[in-house]
Amino acid sequence: MNKPLDMTSSAIVKRAFDAEAARADFPVLARTVYGKPMHFLDTAASAQKPQAVIDAVSEAYGGDYANIHRGVYYLSQKATEAYDAARAKIAAFLNARRPEELIFTRNATEAVNLVAYSYGRKFLKEGDEVVLSEMEHHANIVPWQMLREAVGVKLTVIPISDTGELDMDAYARALKGNVKFVAMTHMSNALGTVTPIAEIIRLAHGAGAKILVDGCQMVPHEKVDLQALDADFYVFSGHKLYGPTGIGVLYGKRALLDAMPPYQTGGDMIRTVTFAKTTFAEVPARFEAGTPHIAGAIGLGAAVDYLAQFDMGEIHAHEMAVAEYARSSLQSINRVRIYGEAATRGSLVSFGLEGAHPHDIGTILDREGIAVRGGHHCAQPVMEHFGISGTVRASFGLYNTKADADALIAGVHKVMEIFG
Ligand code: ALA
């Protein structure tokens, strides 16, 4: 508790990843529910928090708390330094060119809305096409529909196959049209599909389009290198990255951000204000109107420090081993149907059980101490594709082990006994 914040995540010497040892860093995992050990399998909705993040948030309020970028006094300067340092370490973690290419938002949803509103209304016009995929989260669909209402862009949706893979031929065909923007997931939250995003970005650029990538489900699980990817915009939420809620990130290439008008206006995002005219601050301040979520940003910086102790490749290998074990165990149950069987996928398994509603399955699993999400996962078009109302989704984080997968399988057998 109350350790000084480490400002240089990249300087931390890596240590071997050990999931059992890492579990001890997450206090909530030690608790029981209904008198049973808890098996948390809903990291895709929101990850649990390591003590280091909880301490950093507590310290941000109980240590050097003051508003930022305002006071000349000690506490305000310390808080400002910690806020700015958090941006710098997240930029280093993702290999962004410069910290100011990262805008703090409330969440990934706000980040997509910011781009659709600010970039979309300035640079897209009636008849321009925006390409999406059938497996986008609602947060990467609805803001583009609002843009359609506002300026008359046309939305083109790239279908997925029954294994949950993006139809790349359809994508290439679509890019022959008047496509000016692509908004695409890096990993589907409903199916686990990992899209060939480097190729998707390359093709978008080849067609002269800009691209926004929804990285919510990818950043917590695999190494993301923003410079290597070369996406124009990349968004993710802090709470899925083991950080606090209420904080998200929009990465944008500096030249694009510089050309974009403010999304919200008010204090801290201006250079000068008179009643005749206002001039705006440089990025990132221009897109961070009002007092930001200071403790949230600092907490997200601590989450990145926590992850930076490890090699993301080792975390990924561990999570995939557990998720694939759960997947093959589920697959061997006759009445189970898996949704999402892409060749390249992440650490989640979406499934249904013949004769049982996903919510009922989730409720029975809950009584066994197993936390899963049941429903449409904010991806109704995916459910429509498969002609279902929802799935049960077990999603794995760095702290999950084979014991969690075994508990899930035992729980599914219990559901089958109940449903006969
Ligand atoms: N988008 C989050 C999920 O997939 C909330 O559960």
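As the structure is a prediction and not an experimental result, all values here were calculated from the model. For ligands, and for the atoms within them, numbers begin at 1 and follow the listed sequence.
Atoms of ligand 1 found under 4.0 Å from any heavy atom of Lys240 (numbered from 1 in listed order, with element): 1 (N), 2 (C), 5 (C). Atoms of ligand 1 found under 4.0 Å from any heavy atom of Ala45 (numbered from 1 in listed order, with element): 2 (C), 3 (C), 5 (C), 6 (O). Close contacts between ligand 1 and Arg393 involve ligand atoms 3 (C), 4 (O), 6 (O) [criterion: under 4.0 Å to a heavy atom]. Against a heavy-atom cut-off of under 4.0 Å, Asn189 is close to the following atoms of ligand 1: 1 (N), 3 (C), 4 (O).
In this structure, Ala44 is part of the shell of residues with a heavy atom less than 4.0 angstrom from ligand 1.
In this structure, Arg286 is not positioned above the aromatic face of Phe280 in the sense of NZ or CZ being under 6.0 Å from the six-membered ring centre and within 45° of the axis.
For Tyr306 and Phe26, the ring centers are positioned less than 6.0 Å apart.
A side-chain N or O of Asp406 and one of Tyr325 form a donor-acceptor pair less than 3.5 Å apart. Judged by distance alone, the side chains of Gln217 and His186 never bring a donor and an acceptor atom under 3.5 Å apart.
Remark: minimum distance from atom 3 (C) of ligand 1 to any protein heavy atom is reached at Arg373 NH1, 2.9 Å. Closest protein heavy atom to atom 1 (N) of ligand 1: His137 NE2, 2.9 Å.
Between Glu368 and Lys36 there is a salt bridge, since at least one side-chain N of the basic residue sits less than 4.0 Å from a carboxylate O of the acidic one.
Checked options Leu41, Thr391, Asp42; the residue passing with Arg373 is Asp42 (criterion: side-chain contact (heavy atoms from CB on, under 4.5 Å)).
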